[in-house]
Number of protein chains: 2
Amino acid sequence: MTLTTAEENYLKAIYHLSDGGTKSVSTNDVAAEIKTKAASVSDMLRKLGEKEVIEYRKYYGVNITEEGKKRALQTIRKHRLWEVFLVDKLQFAWDEVHEVAEELEHIQSPLLIQRLDEFLNYPKFDPHGDPIPDEFGDVRARPRVALIEMDINQTGQIVAVKDSSAAFLKYLDKVGAYIGARIKVLDKVEFDGSMEILVDQKKTLFMSKDVAANILAIQS
Amino acid sequence: MTLTTAEENYLKAIYHLSDGGTKSVSTNDVAAEIKTKAASVSDMLRKLGEKEVIEYRKYYGVNITEEGKKRALQTIRKHRLWEVFLVDKLQFAWDEVHEVAEELEHIQSPLLIQRLDEFLNYPKFDPHGDPIPDEFGDVRARPRVALIEMDINQTGQIVAVKDSSAAFLKYLDKVGAYIGARIKVLDKVEFDGSMEILVDQKKTLFMSKDVAANILAIQS
DNA sequence: TCATATTTTTAGTCACACCTAAAACTATAA
DNA sequence: TTATAGTTTTAGGTGTGACTAAAAATATGA
């Protein structure tokens, strides 16, 4: 059973909205994510239900099935591998890759993905720090905390952002933060929750609590 | 004005069937090439005519316009660059690349193609020896050499004969050589100048130096 | 020239993925 | 509990790109 490009996109959206299949997702939520109308979503949910990649109860939202989860993870794997390719091999900036990867992820060729994975040396994380599922859909999770949760003098490494909008990525780039940067919390201002961060042992960065809440790090 | 994937495929087919825009192409020929029915082709030709990438006179076939030629060459450029990528970087065999490249060629991102071209070191020919148009649609024609001038292990494609007498053409036909055949020089016998040639990756051919001097090839 | 064969176009359908408008259902709060 | 607000579905329609069947145009040959 094959899925069309549109169906793959719906399934991926449902997977993300359901936090990896742990929550129900409403029709309206899917419509907002896909940027389409609720009426179109109803149609599609009926179809995805028939294909048994979701469980669909009218008026009560959807849950993704095991098969659906597997399919969604395959698409996510392809998306993230292509992102690594674009950044590592074609010198794309990390905020330029999403749209292109969105197209590339629908190319149908298991051999292509296998060889691409090999060519990229089996990367485990994409340029945004998100984990790349293996061919069986298994993900190597890394415990991540929002930067704002870290204590003074703690060290770590930036691994991801919550809000990956182009605007936010551009901002990070401008101030000199990036996925992979080694960081140390120099100060937390109690008054407004803002933080002072040392980046790569040399650059000091001031950020509001809103920014610090959007940056995810692993602690070391 | 943008073209859909289907429209790009039609345009590419028309470009090839018309020998680069030098001949008219019939509805049935297009149908055979695209593997669809003549009725579907009629519909599409009307649409491509409206978009002015072909000139369409009902019942009299189509001619590709300058704009159409440019569009077709862009698609061909993308197809061939992806083929180079698949073979050179992902270790695909030459006969495994076509279907995947057929999908990849429709990805819409000028930056992607520019960077891919750079990454591949601006290749001029694809793995089948076909020339890769530059971003303006210009193609570098390849100098022809007599087969006898080629070295052992060199690959290429037969493009013409010097002596085009019926007798010689008949002889070529009989032994299985033809204009367009992919060849590889397996051996050159010093004693009498005769050659051993692999045709289309499967057939081995022995020919005298007189025959080899009469066949023109491009090298790949 | 005229009947016939071949090619091509038109007419009418279908599936897909979207839309708007309206109806149906669920949730909420007085 | 009942009116109403919000959500979701249904009904009906659109454009794309395919299809079949039938009509129309062109080509061919006695």
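So that the names make sense, note that chain A is the first sequence line, chain B the second, and so on, each numbered from 1.
The CG-C1' distance, from A:Leu3 to C:dA15, rounds to 16 Å in whole Å. For the pair A:Asn28 CG and C:dC25 C1', the interatomic distance rounds to 14 Å; values are reported in whole Å.
Among the candidates B:Val53, B:Ile54, B:Thr36, B:Leu3, the single residue satisfying the side chain to side chain contact (heavy atoms under 4.5 Å, CB included) test with B:Tyr10 is B:Thr36.
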Side-chain donor-acceptor contacts of residues 108-115 of chain B below 3.5 Å, not counting sequence neighbours, with atom names and distances?
| unit_1 | atom_1 | unit_2 | atom_2 | d |
| --- | --- | --- | --- | --- |
| B:Gln108 | NE2 | B:Glu8 | OE2 | 3.3 |
| B:Ser109 | OG | B:Leu112 | N | 3.1 |
| B:Arg115 | NH1 | A:Leu90 | O | 3.1 |
| B:Arg115 | NH1 | A:Gln91 | O | 2.9 |

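Between A:Pro127 and A:Val84, some side-chain heavy-atom pair lies under the 4.5 Å cut-off. Between A:Ile197 and A:Val185 there is a side-chain heavy-atom pair separated by less than 4.5 Å.
For C:dA17, neither phosphate oxygen OP1 nor OP2 lies less than 4.0 angstrom from any side-chain nitrogen or oxygen of A:Lys37. Contact check, B:Ser26 against C:dT7: no side-chain N or O comes under 4.0 Å of OP1 or OP2.
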Polar pairs (N or O, both sides) under 3.5 Å between protein and nucleotides 9-11 of chain C?
| unit_1 | atom_1 | unit_2 | atom_2 | d |
| --- | --- | --- | --- | --- |
| C:dT9 | OP1 | B:Tyr56 | OH | 2.3 |
| C:dT9 | OP1 | B:Tyr59 | N | 3.1 |
| C:dT9 | OP2 | B:Thr27 | OG1 | 3.0 |
| C:dT9 | OP2 | B:Ser42 | OG | 2.5 |
| C:dT9 | OP2 | B:Tyr56 | OH | 3.3 |
| C:dT9 | O5' | B:Ser42 | OG | 3.4 |
| C:dT9 | O4' | B:Tyr59 | OH | 3.4 |
| C:dT10 | OP1 | B:Lys58 | NZ | 2.6 |

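Here the closest non-hydrogen pair linking A:Gly193 and A:Ile148 is O-CD1, 3.7 Å.
In this structure, A:Lys89 is not positioned above the aromatic face of B:Phe85 in the sense of NZ or CZ being under 6.0 Å from the six-membered ring centre and within 45° of the axis.
Here the range on DNA chain D touched by chain B, meaning any atom under 4.0 Å from one of its heavy atoms, is D:dT16 to D:dT26.
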